[in-house]
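To keep things clear, I will list the structure first and then write my remarks on it.
Because only heavy atoms are used, hydrogens play no part in the values below, and waters and symmetry mates are left out as well, while side chains stay in. In what follows, chains carry the letters A, B, and so on, assigned in the order in which the sequence lines appear, proteins first and then strands, with residues in each chain numbered from 1.
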Amino acid sequence: DTGVSQNPRHKITKRGQNVTFRCDPISEHNRLYWYRQTLGQGPEFLTYFQNEAQLEKSRLLSDRFSAERPKGSFSTLEIQRTEQGDSAMYLCASSSLSYNEQFFGPGTRLTVL
Amino acid sequence: ILNVEQSPQSLHVQEGDSTNFTCSFPSSNFYALHWYRWETAKSPEALFVMTLNGDEKKKGRISATLNTKEGYSYLYIKGSQPEDSATYLCAFWIQGAQKLVFGQGTRLTINP
């Protein structure tokens with residue numbers, strides 16, 4: 001297994017556009033997490049899935065953000081009507097059990113102009 | 001609001017020196033504490049998952065201790081090498097919400 005992968009690695013978009021990121025977790029992991037990281041801060045939890053069910057979503061996440069994991073494998077994170085404040089690194093991680101170590105992807109760096 | 005604090009925020013250490021830094025977290029409802037290393041342009045990598053008060057874990061030249069009663073963990077690096085340059089993150093596991101809360105990280109730079 002090659003670990004967690006994320007695509008694209010970099011995305012530059014204009015304000016108001018929609019963007020979608022993809023995460024492919026480690027195949028046998030049933031838990032998948034999305035985080036957002038801004039300069040000088042640690043990763044901030046956005047949402048998580050157990051198999052295909054989205055079980056927790058941060059209250060910080062506005063209605064412009066949506067995530068899916070349709071078959072319990074890969075996941076997508078969509079941001080609609082992007083704003084400059086959405087510029088950040090978006091990280092995906094997967095794990096096998098609840099409090100076990102999480103395996104992170106390399107992240108997608110979003111820049112909103 | 002649950003706070004996880006790391007100090008210092010950044011650290012410059014001479015190659016060969018040993019160093020340590022701190023993670024502070026709530027002492028109530030403890031379940032697990034994670035340490036990750038995040039090198040520039042790479043993925044964050046798990047170092048330790050600690051669950052027991054008084055636990056000490058070691059991986060090569062890196063070790064960590066845990067005090068859940070007072071709410072802190074120390075990460076130690078012995079004989080720092082240039083490849084140790086990275087941001088070190090600790091994260092507190094919230095069992096009820098099933099999620100990690102990260103500190104802001106300690107950015108370590110090893111000077112050759």
Side-chain angles (χ1 to χ4, degrees), chain A residues 1-10 21 23-26 29-51 53-61 67 88-109, chain B residues 1-10 21-25 29-52 55 57 59 64 66 68 73 75 86-108:
Chain A
D1 189 44
T2 56
V4 179
S5 62
Q6 291 187 246
N7 288 289
R9 295 289 305 274
H10 303 273
F21 311 141
C23 171
D24 287 87
I26 292 172
H29 286 177
N30 59 5
R31 286 175 173 247
L32 186 148
Y33 302 83
W34 283 100
Y35 296 89
R36 176 172 61 191
Q37 190 259 340
T38 54
L39 197 62
Q41 301 298 316
E44 176 186 35
F45 172 85
L46 293 178
T47 188
Y48 100 93
F49 293 83
Q50 181 158 319
N51 300 312
Q54 186 174 16
L55 297 182
E56 184 78 16
K57 190 174 174 181
S58 169
R59 274 172 274 176
L60 300 172
L61 219 57
M89 173 76 83
Y90 289 83
L91 290 163
C92 172
S94 69
S95 72
S96 54
L97 294 172
S98 66
Y99 65 88
N100 272 18
E101 66 180 292
Q102 296 185 8
F103 292 79
F104 282 82
T108 296
R109 182 167 294 284
Chain B
I1 296 176
L2 190 148
N3 271 337
V4 177
E5 299 286 339
Q6 291 188 247
S7 62
Q9 287 194 5
S10 66
F21 24 93
T22 308
C23 172
S24 300
F25 51 85
N29 299 316
F30 179 84
Y31 205 87
L33 187 85
H34 293 211
W35 280 100
Y36 291 86
R37 174 172 59 199
W38 193 0
E39 295 178 64
T40 303
K42 294 188 177 179
S43 307
E45 173 195 6
L47 290 172
F48 307 112
V49 177
M50 309 182 80
T51 57
L52 298 175
D55 209 4
K57 295 206 171 185
K59 190 174 185 177
L66 180 69
T68 61
S73 175
L75 190 81
T87 296
Y88 291 82
L89 295 160
C90 70
F92 181 84
W93 176 257
I94 302 178
Q95 179 66 3
Q98 293 284 291
K99 68 180 187 182
L100 286 172
V101 175
F102 280 83
Q104 75 273 40
T106 292
R107 187 179 183 91
L108 176 67

Taking all non-hydrogen atoms of both residues into account, name the closest pair between Ala97(B) and Tyr48(A) and its distance. O-CE2, 4.0 Å
Interface moiety of Leu91(A) toward chain B, non-hydrogen atoms closer than 4.5 Å: side chain
What pairs with Ala86(B) under side chain to side chain contact (heavy atoms under 4.5 Å, CB included), at least two apart in sequence or on another chain? Arg37(B), Glu39(B), Tyr88(B)
Identify which part of Gln102(A) has an atom lying under 4.5 Å from any heavy atom of chain B, answering side chain, backbone, both or neither. both
Spacing of CD belonging to Gln104(B) relative to CD belonging to Gln37(A), to within rounding of 0.5 Å: 11.5 Å
Measuring heavy-atom distances to chain A, does Thr51(B) have an atom under 4.5 Å in its side chain, in its backbone, in both, or in neither? side chain
Does any backbone or side-chain atom of Ala91(B) lie under 4.5 Å from a heavy atom of chain A? Answer side chain, backbone, both or neither. neither
Go through the atoms of Glu56(A) and report whether side chain, backbone, both or neither lie under 4.5 Å from a heavy atom of chain B. side chain
Which atoms of Leu89(B) approach chain A - backbone, side chain, both or neither, heavy atom under 4.5 Å: side chain
Taking all non-hydrogen atoms of both residues into account, name the closest pair between Gly105(A) and Pro44(B) and its distance. O-CD, 3.9 Å
For residues Asn100(A) and Val49(B), report the shortest heavy-atom separation together with the two atoms involved. C-CG2, 4.4 Å
Pairing residues for Ser98(A) by the side chain to side chain contact (heavy atoms under 4.5 Å, CB included) criterion, not counting sequence neighbours: Arg31(A), Trp93(B), Gln95(B), Gln98(B)
Taking atom CG of Asn29(B) as the centre, report whether more than 12 heavy atoms of other residues, nucleotides or ligands fall under 6.0 Å from it. no
Which atoms of Tyr35(A) are under 4.5 Å from chain B, going by heavy atoms: the side chain, the backbone, both sets, or neither? side chain
Given 3.5 Å as the limit, does a donor-acceptor pair link the side chain of His34(B) with the main chain of Tyr99(A), or not? yes
Ring center gap for Tyr36(B) and Phe104(A) short of 6.0 angstrom: yes
Heavy atoms only, distances under 4.5 angstrom: which of Ala41(B), Ser43(B), Gly103(B), Ser10(B) has the most pairs with chain A? Name it, please. Ser43(B)
NZ of Lys59(B): more than 12 outside heavy atoms within 6.0 angstrom? yes
